[in-house]
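Report on the following structure.
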Number of protein chains: 2
Amino acid sequence: MVGRTRNTKSKRATLADVAKLAGVSAITVSRVLNHPDKVSDDLCHRVREAIDTLGYIPNQSASSLASARSQVIGVAIPSLSNVVFNDVLRGIYDVAGAGGYKVLLVDTHYSPIEEENMIRTLLSQSPEAMIVTGGDQTRACQRMLSSAAIPVVQMMEILEEPLDMNIGFSHFQAGFEVAQKLMACGYQRIGFIGARMDTRVQQRMAGFKEALQTQDLYHSELFTTTPSPSSIALGGELLRGLLSTSGGKLDAVFCCNDDLALGALFESQRMHLSVPKDLALCGFNDFETSAFVNPSLSSVHVPRYEMGVQAAQMILNVLKGVPNKEKQVDIGFEIRMRQSTRMASA
Amino acid sequence: MVGRTRNTKSKRATLADVAKLAGVSAITVSRVLNHPDKVSDDLCHRVREAIDTLGYIPNQSASSLASARSQVIGVAIPSLSNVVFNDVLRGIYDVAGAGGYKVLLVDTHYSPIEEENMIRTLLSQSPEAMIVTGGDQTRACQRMLSSAAIPVVQMMEILEEPLDMNIGFSHFQAGFEVAQKLMACGYQRIGFIGARMDTRVQQRMAGFKEALQTQDLYHSELFTTTPSPSSIALGGELLRGLLSTSGGKLDAVFCCNDDLALGALFESQRMHLSVPKDLALCGFNDFETSAFVNPSLSSVHVPRYEMGVQAAQMILNVLKGVPNKEKQVDIGFEIRMRQSTRMASA
DNA sequence: TTGTATGCGTTATCAG
DNA sequence: CTGATAACGCATACAA
């Protein structure tokens, strides 16, 4: 190593280093970076050259400390492996990134306790806003969120009493309408298989059950649930279980998501059950696979990317001082009936 | 604004606030948080109470600035929507989280230019280490990474000249072996469909092609590629295209990933082509779907979660001062032949 | 347009 | 075991 003018031990260059090299004061360098319009073109140019030659990268911690602006948005999702959150995240990242914000992402593993800890960690980074999933945070967690005094969006479902802003759709209503569709198709022995059983899945199931009850078609022995995480393999297992306990008297099954539904479909095929002739299947989330598999799978489509986009936009609006028209947005859903369920009887 | 004793306007509590309430000095509070063993139980207790009643959350920016330890690991992946990276990320998050590190994640959209910008942003957060994808960073980006003087892991593929540490597998070799397997099954008219065509896909294709050439079975007209991102829909389209241009003389297709392969499989079914009788298919990445779809799909299995885990562990080791035995780890792959390709001829 | 002084909340260093 | 003081690197408020 060659001895250099100052940074003896090749430490990261600072504003001061750049300033010295450019022959200006530190604040001028800062301005070139943050308010270029407030600096003469001449200096601006000289400073940029110095920045380049030094490979200067601003220290965001110092900036954050001095300005109380971290440029970070904290995001908490319950699972990194659940593909559902990918699309939402993509929306958030696209909008946040375009707005100059970084995203600090944590995975709460569907546990409110973990969520509380992760959100505490997140808050220690002084995020300028937070996006969290659902509404079952611990009391302590909600207090933290509130006293952080930053915009918060709770996403994925419509909440009775949002902490601040809220975007999502009614899982209860979605479940309810799926049941209506299946009944309209003439199915009588209608079952349900669910996994993970987080709040949103529970609501889907509750809505589904309620609709069945209106027609006296709810049979508790046709409902199977497990706290295990969803997978295609599990979908097959649950279907087999349901078929055996129901004594074969089963003509339609609503699966709480497309993982289970695809598993059930593939398992049906292996058991030489014809879908939808022997058994109708309906999933939830509408994966791309569902539209292309044979027979194609009926499912509930949700504009997830759009939800992420809007969640981030609501945040950016508040951060920019533009008030949102609505603090709560119902993004809706759409039931897509395909080949795995027969046409509604006229 | 009123002159304040301390926080007139419910600002976040600071170390000083906690210290005052507990009747100790700020540094003692700091120690309770970071080196509890160096503080008497009595004080420790009093301080913790004060922390609780104030709902104190440390300011990581200040900590980072003062200690030069950000507790952040930066991660750059090329796509948030590609499921492949989910598993890797899960591994990284699990290990990093357990080690007390946060993960700052960026999506480079498969663009070295974007990657350079995003990594610059990442570096401004003073991460203590970086995990990036592959080796085709821009020169400038590699310089930044090097001069950051932090541990760096390049993952997903084995590199000739890693910047620092490296974990992955040889995509060339994987493609090569897939071709060998197909040829061993007796296929003669072997095609390839590829999308996105990033470095790793190109290597798979190159290996595949080279193996075919050894047996004089490479036919350029049976290779189709597109820069478009992969999807199931695209797999179907590419297969249709290939079938029409090849005049039906095609008996096996290697798809650069399982998205395309599933699309090709579903499309074959709609065209009433029997797989593998009329056409054999092999994918890459081994999604869960591939093992369960009918017919099940041959694919190349890669220990992605494990790769994420090990990448993070290599980082943590360096950070803890424990040297890694290897700076480069070949995590391997495994070709899983299933029903979509016929058995190798004896 | 540019610069000076000051403080952001924490930790390292050194005293006691 | 505990505390005083001085950084850490940058941006705000004010001057020039």
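Basis for what follows: all heavy atoms, side chains included, without hydrogens, waters or symmetry-related copies.
A:R90 pairs by the salt bridge (Lys or Arg N to Asp or Glu O under 4.0 Å) definition with A:D87, not counting sequence neighbours. Among residues two or more places apart in sequence or in another chain, the salt bridge (Lys or Arg N to Asp or Glu O under 4.0 Å) test is passed with B:D94 by none. Take A:Q125 and apply the side chain to side chain donor-acceptor pair (under 3.5 Å) test, not counting sequence neighbours, and it matches no residue. For B:K38, there are no side chain to side chain donor-acceptor pair (under 3.5 Å) partners at least two apart in sequence or on another chain. Every residue two or more places apart in sequence or in another chain was checked for a side chain to side chain donor-acceptor pair (under 3.5 Å) with A:S70, and none qualifies. Here A:D198 pairs with A:Y110, A:R196, A:R200, A:V201 under the side-chain contact (heavy atoms from CB on, under 4.5 Å) rule; sequence neighbours left out. With sequence neighbours left out, A:E49 forms a side chain to side chain donor-acceptor pair (under 3.5 Å) with no residue at all.
If you walk DNA chain C from 5' to 3' and mark each nucleotide with an atom closer than 4.0 Å to a heavy atom of chain B, the marks span C:dG9 to C:dA12.
Under the 4.5 Å side-chain criterion, counting only non-hydrogen atoms from C-beta, A:V106 is not in contact with A:T121. No side-chain heavy atom of B:L105 sits less than 4.5 Å from a side-chain heavy atom of A:V103.
Rounded to whole Å, atom C1' of D:dT2 lies 13 Å from atom CG of B:D42. In this structure, CG of B:D37 is placed 11 Å from C1' of D:dC1, rounded to the nearest angstrom. The CG-P distance, from A:L54 to D:dG9, rounds to 13 Å in whole Å. One interatomic measurement links the two molecules: CD1 of A:I27 to C1' of D:dA13, which rounds to 10 Å at whole-angstrom precision.
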Give each protein N/O atom lying under 3.5 Å from an N/O atom of nucleotides 14-16 of chain D, with the pair distance.
none

Polar-atom pairs under 3.5 Å, protein N or O versus N or O of nucleotides 6-8 of chain D: list them with distances, or write none.
residue: D:dC8; atom: O2; partner: B:A66; partner atom: N; Å: 3.3

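Closest approach of B:T133 and B:A76 over heavy atoms only: OG1-O, 2.8 Å.
When only modelled atom types and interatomic distance are considered, B:S126 and A:R12 share a side-chain donor-acceptor pair under 3.5 Å.
Residues A:I57 and B:V24 each lie close to DNA chain D; by heavy-atom proximity, the contact nearer the 5' end of the strand is made by B:V24.
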task = Verify side chain to side chain donor-acceptor pair (under 3.5 Å) between A:T138 and A:E116, making sure each step is shown before the conclusion.
result = CA-CA 7 Å; A:T138 65; A:E116 179 181 327; 2.8 Å; yes
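Residue pairs satisfying the salt bridge (charged side-chain N to carboxylate O under 4.0 Å, His left out) criterion with at least one member in residues 126-146 of chain A, sequence neighbours excluded, are listed as follows: A:R69-A:E128.
For the helix from C:dT1-D:dA16 to C:dG16-D:dC1, the end axes, each set by the C1' atoms of five terminal pairs, are bent relative to each other by 30° (nearest 10°).
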